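Note that ligands are numbered from 1 as they come in the structure, with each ligand's atoms numbered from 1 the same way. What you are looking at is a predicted structure, and each value in this text was computed from that prediction instead of being measured. What you see below is based on every heavy atom in this structure, not just the backbone, and it leaves out hydrogens, waters and symmetry mates.
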Amino acid sequence: MNGGFVGLLRQSYEPAPDRVCLRVPAGPAMTYGDMDERSALAAGWLRSLGVSAGDRVVAQLSKSTDGVALYLGVLRLGAVYVPLNTAYTEAEVDWFVDDAEPAAVLRDADALAGGLAGAQPCHDIAACGTDDLAALVYTSGTTGRPKGAMLTHGNLATNALALNEAWAFQPEDVLLHALPIFHVHGLMVALHTAMLSACETIFLERFDAAEVLACLPEATVMMGVPTYYSRLTALDGLDAAACSRVRLLVSGSAPMTAELHRAVAERTGCEVLERYGMSEALMITSNPYDGPRVAGTVGFALPGIEVRVCGDEGAPTVGRAGMVQVRGPNVGPGYWRRPDATAESRTVDGWFVTGDVGRLDADGRLTLEGRAGDMIISGGLNVYPAEIEQALDAHPAVTESAVVGLAHPDLGEAVAAFVVAEPGTAGDPDRLASDLAGTLADAARFKHPKRFVMVDELPRNAMGKVLKAELRARHADLFSK
Ligand code: MCA
C-alpha cells in the first residue's frame, strides 16, 4: 500500500480519467482526472501553509466538490483529516482544535476556493503504510467529553474494498449522495465505495426529499439514514418508476423500523439493505446483497471481519443478548491521545467493544437490541445526554434534569429533557424552557431538546439512580401526541 488510500483510489480511476466523478445538478460535471488535479492543488496549497505528513487538518465546511478535493489532498500529503459537523458551535470547535492540535483549520469555503485558485499542484502521493493515520473522527463519550477515533489508511482501504465487494459496485453505477461529508457514512461509506469503482456520484449539497426524489430516476444506488427514507415515503412520487434504475438502497447510522422497511419495499419494489458500523470501526456488518434482507437485523460480518457477542460473564454466546465485539482490519488503533479510553474499549484478547447490545443467531446474523449507555440517535446524529444534562443543571433555576431519547416520527428518536425546577423559581414553564435553550448556546442545535417537560421529581431506584427507562416508558408518545 505504497500510496495509502489515495494510491488505491488512483489505481481504480487511472485507466479512465474522463469518467464523471461528481456531478452537481446545474453545475459542471467533475471527472476523475479533474478531481485528481484539484486534490493535487489542495495538497500543494496545504503544503504551502506548512502542513506536512502526520499533521492534522481540521475542516468544518459546507458540502462542496472542493471539500472532497481537500480531503483527498490531505490524504495525499500523508496528513490527517479531521472533519467537523457544520452544526458545531464556536465553543465546540475550539475544544476540537485544542484536542487535535492541527497545523491548519479550514472553516471558510471561499478561503478554500481562493487557496486552491492560487496554489501550485503537488502531484506526489506520500508513501503511506497500512498503519499510518488518515483521519480522526470525533465521537462523544458517555461522560460527554468527545474522543477522536483514529482511522488508518489500512482501515479505509480494507473497508472500502469490503463494501465494494459486498454491495457489488460496478463502474456503471450512479450513486445518489445527499449525506453530509463530515461523517463516516457520507465520506467513507458512500464516497469511498463509489470512487473505488470509478463510478459517478450525483452530489447534492444537502438532503432535500423533493430534490432527492427528482434525481432518483438517474441513480442505481442511494445511501441514507432512516429519516431520509421516511421523508421520501411521505412524497407521492416515490414509486417503482422513480426507482426503475435503482438496484440498491442502503440504510444505516440509526435503526430502521420494520414498518418503514416494509413501506419502502411496497412503494419501490426495493428491499432496503441495513448495515451496521461506527466511527471507530467503519462498517462492521451488512445484510446480504443476494439473500434475504431481514428488517430489524443488520446482517452478517463483512468479508475479513469477525463479530462476536459476549454475555455478562464475558464468554461468547449465540442466541442470547450481550455486548457486540468486533475484530478485523476495519478496527482503528484507538482514541487520539487517550490510551485510557483506548484500553477501556478493548478486551484482553484484543476485541473492540462496541457498546452496542445485540444477539447473533446460529448463522451469524446480528440483531441490535440497544445500547449499553444512554446515547440517543436523532436523525442519524449521536447525542450524549450527559453533555446536555450538565449544561441544564448549571442553570440556577434547575435542581436537576434527565435527558432521554423518545420515539419521533421524523427523526427516529428525538431529545427530550425532564427538568425539576428549584423551589420558587418554576414560574412560567415556557419561559424557563426558552431560558434553558439559551443555556445550551454552546452546544450544536441538533443536540438541543425538542421538548422540555417540567416535573416535580425524577423517578429513581432504591440506590437513588434516575430510572431513564421509566421516563422513556412513561413518556413514550410525547412526540406523537
Ligand atoms: C437537523 N436538526 C436536527 C437534526 N438535523 N435535530 C435533531 N436531529 C437531527 N439529526 C435541526 C437543526 O438543528 C435545526 O433546528 C432544524 O433541525 C433544521 O435544520 P436542517 O439542517 O434544515 O435540518 P434537515 O436538513 O432537515 O436535517 C435533518 C437530516 C440531517 C437530513 C436528517 O440531520 C442529516 O442529514 N442527518 C444525517 C447525519 C449523518 O450523516 N449521520 C451519520 C453519522 P433549529 O431550527 O432548532 O436550529 S453516523 C456514522 O457515520 C456511522 C459510522 C454509521 O454507521 O453510519
Subject >> From CA spacing to verdict: salt bridge (charged side-chain N to carboxylate O under 4.0 Å, His left out), E306, R327 >> reply: CA-CA 5 Å; E306 293 171 276; R327 187 163 75 174; 3.1 Å; yes
**OP:** Take R23 and E200, measure what salt bridge (charged side-chain N to carboxylate O under 4.0 Å, His left out) needs, and give me the verdict at the end.
**Re:** CA-CA 7 Å; R23 182 157 60 85; E200 175 178 334; 2.6 Å; yes
Subject >> Step-by-step salt bridge (charged side-chain N to carboxylate O under 4.0 Å, His left out) determination, R359 to E369 >> reply: CA-CA 7 Å; R359 189 167 35 84; E369 302 202 333; 2.8 Å; yes
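The ligand atoms of ligand 1 that sit less than 4.0 angstrom from a heavy atom of K450 are 3 (C), 6 (N), 7 (C), 11 (C). Residue-ligand proximity, H185 to ligand 1, at heavy-atom distances under 4.0 Å covers atoms 42 (C), 50 (O), 55 (O). Taking every non-hydrogen atom of S279 and a distance limit under 4.0 Å, the qualifying atoms of ligand 1 come out as 52 (C). Ligand 1 places these atoms under 4.0 Å from at least one heavy atom of L179: 40 (O). Atoms of ligand 1 found under 4.0 Å from any heavy atom of S378 (numbered from 1 in listed order, with element): 7 (C), 8 (N), 9 (C), 10 (N). Applying the 4.0 Å criterion to heavy atoms of G277 picks out, from ligand 1, the atoms 54 (O). Short contacts between ligand 1 and M278, defined as distances under 4.0 Å to a heavy atom of the residue, involve ligand atoms 52 (C).
Among the atoms of H183, none of the N or O lies under 3.5 angstrom from an N or O of ligand 1. Taking only nitrogen or oxygen atoms, main chain and side chain alike, L411 does not reach within less than 3.5 Å of ligand 1. In terms of N/O distances under 3.5 Å, ligand 1 is not approached by Y276. Inclusion of V225 in the set of residues having an N or O under 3.5 Å from an N or O of ligand 1 is not warranted.
Put simply, no part of K447 is less than 4.0 Å from ligand 1, judged by heavy atoms. Heavy-atom separations between P180 and ligand 1 include at least one value shorter than 4.0 Å.
Annotation: atom 51 (C) of ligand 1 to nearest protein heavy atom, S253 OG, 4.1 Å. Closest protein heavy atom to atom 54 (O) of ligand 1: R275 NH1, 2.7 Å. In terms of protein heavy atoms, atom 21 (O) of ligand 1 is closest to R206 NH2, 4.5 Å. Of the protein's heavy atoms, R231 NH1, 2.7 Å lies nearest to atom 26 (O) of ligand 1. Summary of contacts: the protein heavy atom closest to atom 38 (C) of ligand 1 is L381 CD2, 3.6 Å.
In this structure, of G379, G186, G380, the residue bringing a heavy atom nearest to atom 36 (N) of ligand 1 is G379. When F207, F446, Y228 are ranked by how near their heavy atoms come to atom 35 (O) of ligand 1, first place goes to Y228.
The aromatic rings of H192 and F5 are tilted relative to each other, their planes meeting at an angle between 30° and 60°. Ring geometry for H177 against F203 counts as tilted: the plane angle lies between 30° and 60°, on a 0 to 90° scale.
Under the 4.0 angstrom criterion, atom 14 (C) of ligand 1 counts as lacking any protein heavy-atom contact. In this structure, atom 19 (O) of ligand 1 has no protein heavy-atom contact shorter than 4.0 Å. By the definition of a contact as any protein heavy atom under 4.0 Å away, atom 32 (C) of ligand 1 is in contact. The protein reaches atom 3 (C) of ligand 1 closely, with a heavy atom under 4.0 angstrom from it. Checking atom 44 (P) of ligand 1 against the protein gives a heavy-atom contact under 4.0 Å.
Atom-to-atom distance recorded for D173:CG and N164:CG is 9.0 Å, nearest 0.5 angstrom. If you take CG on L366 and OG1 on T285, they are separated by 5.5 Å, rounding to the nearest 0.5 Å. Distance CD/E280 to OH/Y335: 3.5 Å, rounded to 0.5 Å. Atom CG of residue L406 and atom NZ of residue K450 lie 13.0 Å apart, to the nearest 0.5 angstrom.
The shortest heavy-atom contact between Y229 and V250 is OH-O, 2.6 Å. The two atoms that bring L282 and N155 nearest to each other are CD1-O, 3.4 Å, heavy atoms only. Of all the heavy atoms in L179 and G224, the pair that sits closest is CD2-CA, 4.2 Å. Taking both residues in full, the closest heavy atoms of A166 and Y289 are given as O-CB, 3.2 Å, listed atom of the first, atom of the second, then distance.
Comment: R337 does not engage D99 in a salt bridge, judged by the lack of any side-chain N to carboxylate O separation of less than 4.0 angstrom. Between K447 and E92 a salt bridge is recorded (basic side-chain N to carboxylate O distance below 4.0 Å).
With a 4.0 Å heavy-atom cut-off, ligand 1 is reached by no atom of H448. Contacts with ligand 1 closer than 4.0 Å are made by heavy atoms of both the backbone and the side chain of R445. At a heavy-atom distance under 4.0 Å, atoms from both the backbone and the side chain of V184 approach ligand 1.
Only one option out of R474, R472, K468 pairs with E470 in a side-chain hydrogen bond (donor to acceptor under 3.5 Å, both in side chains); it is R474.
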